[in-house]
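Read the structure below first, then the notes.
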Amino acid sequence: MLQGLIFDVDGTLADTERDGHRPAFNAAFREAGLDWHWDEAFYGELLAVTGGKERMLHFAARHRPDFASLPDVAERVATLHKAKTRHYTQLAASGAIPLRPGVKQLLAGARAAGLRLAVATTTTPENVSALLVPALGPEAMAWFEAIGAGDVVPAKKPAPDIYRWVLERLGLPASACLAFEDSENGLKASLGAGLATIVTPCDYTRDQDFSGAAAILDSLEGVAMPGLSAWLSAAPATV
Ligand code: XBP
Ligand code: MG
């Protein structure tokens, strides 16, 4: 029986990457006096690497080897990431990044139906509240019993760790939950944790491989409670 819904954040609850995270990275680079600038298309390629710190290290290793070979490169990237997160949270907290269609209604309907809600995301924890509070109100964070975010697990998506971390905190089996994702990396993570998954691709992920998804939808608009359980029965064989 369906008991819990577990939501990815970036790309799923809101389309945050192109006009949210990307300009935040570029603002941090400018502030640090770096000649790094990630344009829309290039950022789409970099999204293959989840995690902002990992993404910057991946970029430096391939395009700024002098920076990548600095003895304190990890500290420098951590400092850049703190600046980037400051820029992103300011942007998100201003309400500049709306939720995707149908998300607010689905969350409200799930709560009214007594389903338990959680978040499983690669992004930094403060980015979650900065995005959700302006959109859902000051109580928004209390709607989610577990918020698995960022470095709380050693291996980020496509590893299943973050979803396993959330299931453990919910105390629910994967067979009683549905996951919501937007990307191939995210789907691999949720399937790896044995979760039936609904995918709502966004512009950056539209052409990715969503094999194994219980459903691939344009958006969550019109996705109502009673129908969700039908997708649970499409769950993958538990791993
Ligand atoms: C998307 C990510 C994150 C964001 C940037 O996470 O991979 O790294 O792009 O956020 P998800 P940070 O789709 O799992 O929500 O810079 O805080 O990592
Ligand atoms: Mg995502």
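This chain uses plain numbering: 1 for the first residue, then up along the sequence. First listed ligand is number 1; within each ligand, the first listed atom is number 1.
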Quiz item: Just how far is it from atom CD of E126 to atom OH of Y88, taken to the nearest 0.5 Å?
Solution: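 Answer for the CD-OH pair, E126 versus Y88, is 11.5 Å.
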If you look at [X], which of its N/O/S atoms is nearest to the Mg ion (ligand 2)?
{"X": "D182", "result": "OD1"}
{"X": "D10", "result": "O"}
{"X": "D8", "result": "OD2"}

Self-check item: Residues W38, F29; criterion ring pair (Phe, Tyr, Trp, His ring centres under 6.0 Å); working and verdict
Solution: CA-CA 10 Å; W38 294 351; F29 301 153; 4.9 Å; yes
Quiz item: Going through the checks in order, is the salt bridge (charged side-chain N to carboxylate O under 4.0 Å, His left out) test met by K188 and E184?
Solution: CA-CA 6 Å; K188 282 183 178 147; E184 184 175 343; 3.1 Å; yes
Dump the pairs for me: ligand 1 N or O, protein N or O, distance under 3.5 Å, to 0.1 Å.
from: ligand 1; atom 1: 6 (O); to: D10; atom 2: OD2; distance (Å): 3.3
from: ligand 1; atom 1: 7 (O); to: G51; atom 2: N; distance (Å): 3.4
from: ligand 1; atom 1: 7 (O); to: R55; atom 2: NH2; distance (Å): 3.0
from: ligand 1; atom 1: 8 (O); to: G51; atom 2: N; distance (Å): 3.0
from: ligand 1; atom 1: 8 (O); to: G52; atom 2: N; distance (Å): 3.4
from: ligand 1; atom 1: 8 (O); to: R55; atom 2: NH2; distance (Å): 3.4
from: ligand 1; atom 1: 9 (O); to: E17; atom 2: OE1; distance (Å): 3.1
from: ligand 1; atom 1: 9 (O); to: E17; atom 2: OE2; distance (Å): 2.7
from: ligand 1; atom 1: 9 (O); to: R55; atom 2: NH1; distance (Å): 2.8
from: ligand 1; atom 1: 9 (O); to: R55; atom 2: NH2; distance (Å): 3.2
from: ligand 1; atom 1: 10 (O); to: T123; atom 2: OG1; distance (Å): 2.9
from: ligand 1; atom 1: 13 (O); to: D8; atom 2: OD1; distance (Å): 2.9
from: ligand 1; atom 1: 13 (O); to: D10; atom 2: O; distance (Å): 3.1
from: ligand 1; atom 1: 14 (O); to: D8; atom 2: OD1; distance (Å): 3.0
from: ligand 1; atom 1: 14 (O); to: T122; atom 2: N; distance (Å): 2.9
from: ligand 1; atom 1: 14 (O); to: T122; atom 2: OG1; distance (Å): 3.0
from: ligand 1; atom 1: 14 (O); to: K157; atom 2: NZ; distance (Å): 2.9
from: ligand 1; atom 1: 15 (O); to: D8; atom 2: OD1; distance (Å): 2.8
from: ligand 1; atom 1: 15 (O); to: D10; atom 2: N; distance (Å): 2.9
from: ligand 1; atom 1: 15 (O); to: D10; atom 2: OD2; distance (Å): 3.1
from: ligand 1; atom 1: 15 (O); to: T121; atom 2: OG1; distance (Å): 2.6
from: ligand 1; atom 1: 16 (O); to: H81; atom 2: NE2; distance (Å): 2.7
from: ligand 1; atom 1: 16 (O); to: K84; atom 2: NZ; distance (Å): 2.8
from: ligand 1; atom 1: 17 (O); to: T123; atom 2: OG1; distance (Å): 3.0
from: ligand 1; atom 1: 17 (O); to: T124; atom 2: N; distance (Å): 3.0
from: ligand 1; atom 1: 17 (O); to: T124; atom 2: OG1; distance (Å): 2.6
from: ligand 1; atom 1: 17 (O); to: N127; atom 2: ND2; distance (Å): 3.2
from: ligand 1; atom 1: 18 (O); to: G52; atom 2: N; distance (Å): 2.7

Quiz item: Looking at D151, D161, T122, T121, which one forms a side chain to side chain donor-acceptor pair (under 3.5 Å) with K156?
Solution: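 Testing each of D151, D161, T122, T121 against K156, the sole residue satisfying side chain to side chain donor-acceptor pair (under 3.5 Å) is D151.
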Quiz item: Is the count of non-hydrogen atoms from other residues, nucleotides or ligands lying under 6.0 Å from D218 atom CG greater than 12?
Solution: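 Atom CG in D218 is not packed in, count stays at 12 or less.
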Quiz item: Going by atom types alone, do S183 and N185 pair a side-chain donor with an acceptor below 3.5 Å?
Solution: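 No, N185 and S183 have no side-chain donor paired with an acceptor closer than 3.5 Å.
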Exercise. Provide the full list of salt bridge (charged side-chain N to carboxylate O under 4.0 Å, His left out) pairs with a residue in residues 128-150, sequence neighbours left out, each pair given once.
Key: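 Found R116-E145.
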